[in-house]
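Worksheet: the structure to be examined is printed underneath.
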Amino acid sequence: MKLLKFAAIDIGSNAIRLLFTNVIEDGKKTTFQKSSLIRMPIRLGEDSFNAGVISEKRVKKLTKTMLAFKYLMEVQEVVAYRACATSAMREASNGGDVVKRVKEETGVEIEIIEGKEEAEIIYSNQIVELLNDSNPYLYVDVGGGSTEISLFENKKRISSHSFDIGTIRMLSNKVSKTDFKDMRDWLKELNYNGKEVKLIGSGGNINKIIKISGKKENQLMQYSELDKIYKFLNFYSMEERIKVLGMNPDRADVIIPASEIFLKIMKWSGAKQIIVPTIGVSDGIVHQLYKEYRKKKKAL
């Protein structure tokens, strides 16, 4: 048996996550086990979507976070890491300068990835293993700045699209009716061949909703159940969601627009059920890192 440790850094519009994953090689079997996850709510999207530039205050926070992550990765003795920045850094006019500064001050290399590559990383999660029948599935990842949707049928990816619709964007009033119309039209044009489509939900907000519902991982949630929880959460003010429901401040506001996005996608696609495995961009990065590691090993 061989134990390898990989690290994935997901620099999102709402939070920055560092995921440590143990990869266990035991003969022909390879097992991925999450070791620990650290989440820092830096909210780069509030700067990027409103001002078009990452502020000095948040650049400093990002740099300090990356330095802390660097030391943690050294202590954990990771085989490899990858740091990916998504829509907030993509759209910031100083995104490239921020990446350069972080590299100079911490040694951590950040890649700013496009929406298409973000969807590819999500696809690397071995999603097909979750699909237990020939019915169509929509894999939906809702982030702070964008929503990635992929259609799978017969365990094959048929179509993918990245939309500039996210929770921080919605809170900043940067999502128009046209943006939602484009998403609705794309979903309406998909062909499910007369079969019932189901959703696979990804992201911190839908994971929190599942916890609130009392359901376990991979248990199906009905559209009506999701709508009921959304109305329950929306009944409370943000302050009440923090004080009464015990939610973190950086979750208490974004969970409402996230719920709205999932409900709209279910309505427009005709999906009546959603399943929520605990996977995301970070998990996809780890799978890609391991794949690259194996390629290098074979080349030696």
Among residues at least two apart in sequence or on other chains, which ones pass side-chain contact (heavy atoms from CB on, under 4.5 Å) with Ala7? Leu18, Phe20, Met73, Val78, Tyr81
For Ser55, does its backbone N or O pair with a side-chain atom of Asp47 as donor and acceptor, under 3.5 Å? yes
Is the backbone of Ile210 close enough, under 3.5 Å, to the side chain of Ser213 for a donor and an acceptor to pair up by distance? yes
For Ser93 and Val53, run side-chain contact (heavy atoms from CB on, under 4.5 Å): C-alpha distance rounded to whole Å, both residues' side-chain angles, the deciding distance at 0.1 Å, then the answer. CA-CA 5 Å; Ser93 60; Val53 62; 3.9 Å; yes
Report yes or no: do Ser48 and Glu91 form a side-chain donor-acceptor pair below 3.5 Å? no
With no hydrogens and no angle check, is any side-chain donor or acceptor of Asp179 less than 3.5 Å from a backbone partner on Val175? no
Nearest-0.5 Å distance, CD of residue Glu239 to CG of residue Asp253: 12.0 Å
Got a donor-acceptor contact below 3.5 angstrom from the Thr147 side chain to the Ile165 backbone? yes
So, Arg17 side chain and Asp10 main chain: donor-acceptor pair closer than 3.5 Å or not? no
If you group Ile, Leu, Val, Met, Phe, Trp and Tyr whenever their side-chain heavy atoms sit less than 4.5 Å apart, what else falls in with Ile24? Met1, Leu3
Please work out whether the ring planes of Phe232 and Tyr236 are parallel, tilted or perpendicular, with thresholds of 30° and 60°. perpendicular
Would you check if the side chain of Glu74 reaches a backbone N or O of Tyr71 as a donor-acceptor pair within less than 3.5 Å? no
Do Asn135 and Glu196 pair up side chain to side chain, a donor and an acceptor below 3.5 Å, judged on atom types alone? no
Can you list the other members of the hydrophobic cluster that holds Phe49, where links are side-chain heavy atoms under 4.5 angstrom apart? Ile168, Leu171, Val254
Near Glu56 CD, under 6.0 Å, is it more than 12 heavy atoms from other residues, nucleotides or ligands? yes
Please confirm whether the backbone N or O of Ala252 pairs with a side-chain atom of Arg241, one donor and one acceptor, at under 3.5 Å? yes
Check whether any side-chain N or O of Arg43 sits under 3.5 Å from a backbone N or O of Asp250 as a donor-acceptor pair, and report yes or no. yes
Do any N or O atoms from the side chain of Asn154 and from the backbone of Lys156 form a donor-acceptor pair under 3.5 angstrom? no
Lys174 backbone acceptor or donor facing Ser172 side chain under 3.5 Å: no
Indicate, with yes or no, if the rings of Phe32 and Tyr290 have centres closer together than 6.0 Å. yes
